[in-house]
Amino acid sequence: MSSTKPNRPVFALCDANSFYASCEKVFRPDLRTAPVVVLSNNDGCVIAQSREAKVLGIKMAGPWFEVEERAREIGVVEFSSNYELYANMSNRFMATLRQFSPRQEVYSIDECFLDLTGMKLDLVAYGHTIRETVMRWTGLPICVGVGHSKTLAKLANYYAKKEPETKGVCDFSQLSQDELNSILEILPVSSVWGVGRRLEASLKAVGVENVLRLKNANLRRIRDRFGITMQRTVQELNGEAWLELEEETPMAKQVMSSRSFGERVESLPQLREAISYHAANVAQRLRRQGLYARAVSIFIQNSPFDQAKFYGRSETIALPAPTDCSFQITNAALWILKKMYRPQVYYQKAGVMLSELVLETGQQIDLLGFSSTHNKSGRLMETVDTINRRYKRSTIHLASEGTVHTWSMRRSFKSQNYTGDWKELPVVS
């Protein structure tokens, strides 16, 4: 029986297993035990694998064309990235978790921290209840890790994924120091939240090869050599909660939309369509967050792997006043494109970024008329967003975005948008 002590914080990290691949399996019960992989933009590399695919040795980030033939021979099923489906499934996942704690931090598309402080419950049993509810309501398999700090909760989740005997739930808060230390001793230091390859190599160079050694490291030496962030990590491994639960999503510093082209683009009209599309897309994201941009940037480039000489440029323009209007943002982006475009280059990627973001209450109105149409354009943008949310993206769009989009991203193996399009709802026969 494990329960929290009222004077010590307790966090749970709920993490969906192989999230992208699991989302694809939810609506394909025939693939429940099949090896599944999800590919990156333009079906280039493997970015997600089901447990069955990992067992077969399909490597992450490997070019798909190199393993495609062998993978199909051994029964691997491939899917193109279906970002609309994954976003909708993530929203359902987070909404399901919300009932299990009064405080929740959405950490990423497939990870969520819950505050379990003060709950007089068997937290292992509670973790299994969370897993079963998420599976029943969303179809997603998850693991739950519990600890006295967010770092320990994330580490407990890692252990729950690796050790079958945990059955997907691990509670470090109920263990004695000796029991916890025996587990930390067998875990590599790379399993600690925030320890990447470079930091792992630096830690190993001073003899810190497992989590227990990091936990017992001298704080002053750690701070002097690796900085205050690593010192806080060591303190968190010792059960001190230095990282607070962030219930409010911090205001974005930049908003960006970019994609590689499905086929090379040479003509200026095609580039104008792509830039217009990304400008409208990024403006819509800006409005969704209630923000205004004071600067617009675009970039265009060919592939560094092409035989032709590499050409890549990015430019930024400051706006007279902050705006969230698709017309103004698109006009600025197209003006930059006209300056940057070079003929006889086969472009492979383009994108638009908005920066110097402010809230509506923080914007400064200009004196030269740029913001004089704010109220009128604001009502128009709100109407456009409402229609596009109700039906689908680009139901109403700028004429400069075009209609054919021969440059759009290649997704040859994309599944249906089961949760976001009435025409693609699952059919039971």
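Residues Arg313 and Glu315 are in side-chain contact: their nearest non-hydrogen atoms beyond the backbone lie under 4.5 Å apart. The side-chain heavy atoms of Ser173 and Leu123, taken from C-beta on, include a pair separated by under 4.5 Å. The closest side-chain heavy-atom distance from Gln104 to Phe113 is not below 4.5 Å. Contact check for Val134 versus Cys14: no side-chain heavy atoms found under the 4.5 Å cut-off. For the pair Thr316 and Val296, the minimum side-chain heavy-atom distance is 4.5 Å or more. Contact of the Tyr20 side chain with the Ile47 side chain is registered, since non-hydrogen atoms from C-beta on lie closer than 4.5 Å. Counting heavy atoms from C-beta on, the side chains of Phe299 and Gln301 come closer than 4.5 Å.
Between Lys253 and Glu356 there is no salt bridge, since no side-chain N of the basic residue sits under 4.0 Å from a carboxylate O of the acidic one. We find that Glu52 and Arg32 are not joined by a salt bridge, their nearest charged nitrogen and carboxylate oxygen being 4.0 Å or further apart.
In this view, Arg342 satisfies the side chain to side chain donor-acceptor pair (under 3.5 Å) rule with no residue, not counting sequence neighbours. Remark: Glu266 pairs with no residue by the side chain to side chain donor-acceptor pair (under 3.5 Å) rule, at least two apart or across chains. With sequence neighbours left out, Arg92 forms a side chain to side chain donor-acceptor pair (under 3.5 Å) with no residue at all.
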Please step through salt bridge (Lys or Arg N to Asp or Glu O under 4.0 Å) for the pair Glu111 and Lys154, ending with a clear verdict.
-> CA-CA 10 Å; Glu111 292 179 279; Lys154 198 163 177 65; 2.3 Å; yes

Passes salt bridge (Lys or Arg N to Asp or Glu O under 4.0 Å), Arg264 versus Asp306? Steps please.
-> CA-CA 11 Å; Arg264 297 293 194 271; Asp306 287 348; 2.9 Å; yes

Under the salt bridge (Lys or Arg N to Asp or Glu O under 4.0 Å) criterion, do Lys161 and Asp15 qualify, and how do the steps go?
-> CA-CA 10 Å; Lys161 286 179 181 290; Asp15 182 10; 3.6 Å; yes

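What you find for Pro9 and Thr117 is that their closest heavy atoms are CA-OG1, 3.2 Å.
Between Tyr418 and Phe27, the ring planes are parallel. Angles under 30° get that label, and only those over 60° would be called perpendicular.
Crowding of Arg221 atom CZ: a count of heavy atoms from other residues, nucleotides or ligands under 6.0 Å not exceeding 12. The environment of Arg411 atom CZ is dense: over 12 non-hydrogen atoms of other residues, nucleotides or ligands sit within 6.0 angstrom.
Here the side chain of Arg131 pairs no donor or acceptor atom with the backbone of Val144 at under 3.5 angstrom.
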